[in-house]
Amino acid sequence: MQATVIIVGGHEGGGDVELEPLAEHGPLLRSAPGKPLDEAVHQALENSAQPVCVVPMTLGRDPQLVADTARALTWLTGGVHAGRVMLAEPFGDATLLTGWLRVAVSRAAGELGATDLAVLLTANAANRFDDAELFRIAHLVKAQADVPWVEVAFHGGDPDVTEGAERCAQLGARRIVAIPAGFGPALEAPVAEVVDSGRLLSPATISGMLATRVAAAMLRLGRGDDGIAAGLDANHDHGHSGDPWQESVSDAS
């Protein structure tokens, strides 16, 4: 069975990814949380009898994207739409991101030499919780990487990429490579003395992972699980909120 796939992007740039066609599935639409997603789902339901599979395109640093996507879908799954809309598991998670970054760091070390190489992990600035998560991931990457320094910098945040590169140089690095911790490029513009490693994931890798998420979601839907309830509390315990999400119930009195 095929499905219309809607990818929903957040601050990690997942809505703009380059990917190969998903031959096993139907059309692919791109959206953002909120009203654009609502419109995209209604469009997909009206244009085809296929089910609709929504995939939050996070690499593990944007749980709010997952929760917001799930909340939007709760209003679209009742009545005539019941059983036609599903929420896939997020594209990635922190464990996968850490692994992908380790592979990228190992590749860079092999090409540039590891002895005096500093790695600068870059990402779009978001909020203090998601930004702090990148520092945690950088520490995990450093713990298993054969390079002396793994630092963090943000596009539009603190430290920015120039400041991050200056810190690497002050620490003693003679070579610096920028590796993206998101779907976008490592550098938005060239930075002196910094090597741009290119994208973290290839279009083929993104397509393969996306197809896996969609296939798993369709299997769950066949068992009566649309995945939406599981996504509602994706940001619980991440610092954004203290209590699990609950649908508001109006006072009947």
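In this chain, numbering begins with 1 at the start of the sequence shown.
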Given 3.5 Å as the limit, does a donor-acceptor pair link the side chain of [X] with the main chain of [Y], or not?
| X | Y | result |
| --- | --- | --- |
| T205 | L201 | no |
| T4 | V52 | no |
| D160 | F154 | no |

Any chance you could lay out the side-chain contact (heavy atoms from CB on, under 4.5 Å) test for L29 and I7, step after step, and finish with the verdict?
CA-CA 6 Å; L29 304 175; I7 59 175; over 6 Å; no
Mind running side-chain contact (heavy atoms from CB on, under 4.5 Å) on V85 and L45 for me, showing each step along the way?
CA-CA 9 Å; V85 180; L45 291 170; 4.1 Å; yes
Decide yes or no for [X] and [Y]: does some side-chain heavy atom of the first lie under 4.5 Å from some side-chain heavy atom of the second?
| X | Y | answer |
| --- | --- | --- |
| E12 | N124 | no |
| L171 | E151 | yes |
| L120 | V152 | no |
| P21 | S207 | no |
| R199 | I206 | no |
| L59 | L96 | no |
| L87 | D226 | no |
| R71 | L232 | yes |

Are [X] and [Y] grouped together when hydrophobic residues (ILVMFWY) are joined by side-chain heavy atoms under 4.5 angstrom apart?
| X | Y | answer |
| --- | --- | --- |
| M209 | V66 | no |
| L19 | M57 | yes |
| V8 | I228 | yes |
| L28 | V17 | yes |
| I6 | L65 | yes |

Any donor-acceptor pair under 3.5 Å linking the side-chain atoms of H11 with those of D130?
yes
When you check the side-chain N and O atoms of T98 and T95, is any donor under 3.5 Å from an acceptor?
no
Mind running side-chain contact (heavy atoms from CB on, under 4.5 Å) on R175 and D116 for me, showing each step along the way?
CA-CA 6 Å; R175 286 169 293 183; D116 52 7; 2.6 Å; yes
Please evaluate residues V41 and L37 with respect to the criterion side-chain contact (heavy atoms from CB on, under 4.5 Å), reporting the C-alpha separation (whole Å), side-chain torsions for both, the decisive distance (0.1 Å), and the verdict.
CA-CA 6 Å; V41 172; L37 176 58; 3.9 Å; yes
Just wondering, more than 12 heavy atoms not from E193 lying within 6.0 Å of its CD?
no
Tell me if the CZ atom of R220 is crowded by more than 12 foreign heavy atoms within 6.0 Å.
yes
Sequence neighbours excluded, the answer for salt bridge (Lys or Arg N to Asp or Glu O under 4.0 Å) partners of R107 is none
Excluding sequence neighbours, so at least two apart, what forms salt bridge (Lys or Arg N to Asp or Glu O under 4.0 Å) with R102?
none
With rounding to the nearest 0.5 Å, note down the distance linking [atom1] in [X] to [atom2] in [Y].
| X | Y | atom1 | atom2 | value |
| --- | --- | --- | --- | --- |
| Q64 | N127 | CD | CG | 8.0 Å |
| S106 | Q144 | OG | CD | 9.5 Å |
| Q170 | E166 | CD | CD | 6.5 Å |
| Q2 | L22 | CD | CG | 10.5 Å |
| S31 | Q43 | OG | CD | 9.5 Å |
| R174 | L117 | CZ | CG | 12.5 Å |

What are the two closest heavy atoms between [X] and [Y], and how far apart are they?
| X | Y | result |
| --- | --- | --- |
| A114 | D146 | CB-O, 2.8 Å |
| T122 | P185 | OG1-O, 4.3 Å |
| V147 | A109 | CG1-CB, 3.9 Å |
| P56 | A88 | CD-O, 3.6 Å |
| V191 | A165 | CG1-CB, 4.4 Å |
| P33 | D68 | CB-CB, 4.3 Å |

E133/R61 under salt bridge (charged side-chain N to carboxylate O under 4.0 Å, His left out): CA gap, chis, key distance, verdict
CA-CA 7 Å; E133 177 69 357; R61 294 183 45 252; over 6 Å; no
On the 0 to 90° scale, with breaks at 30° and 60°, tag the F91-F183 ring pair as parallel, tilted or perpendicular.
perpendicular
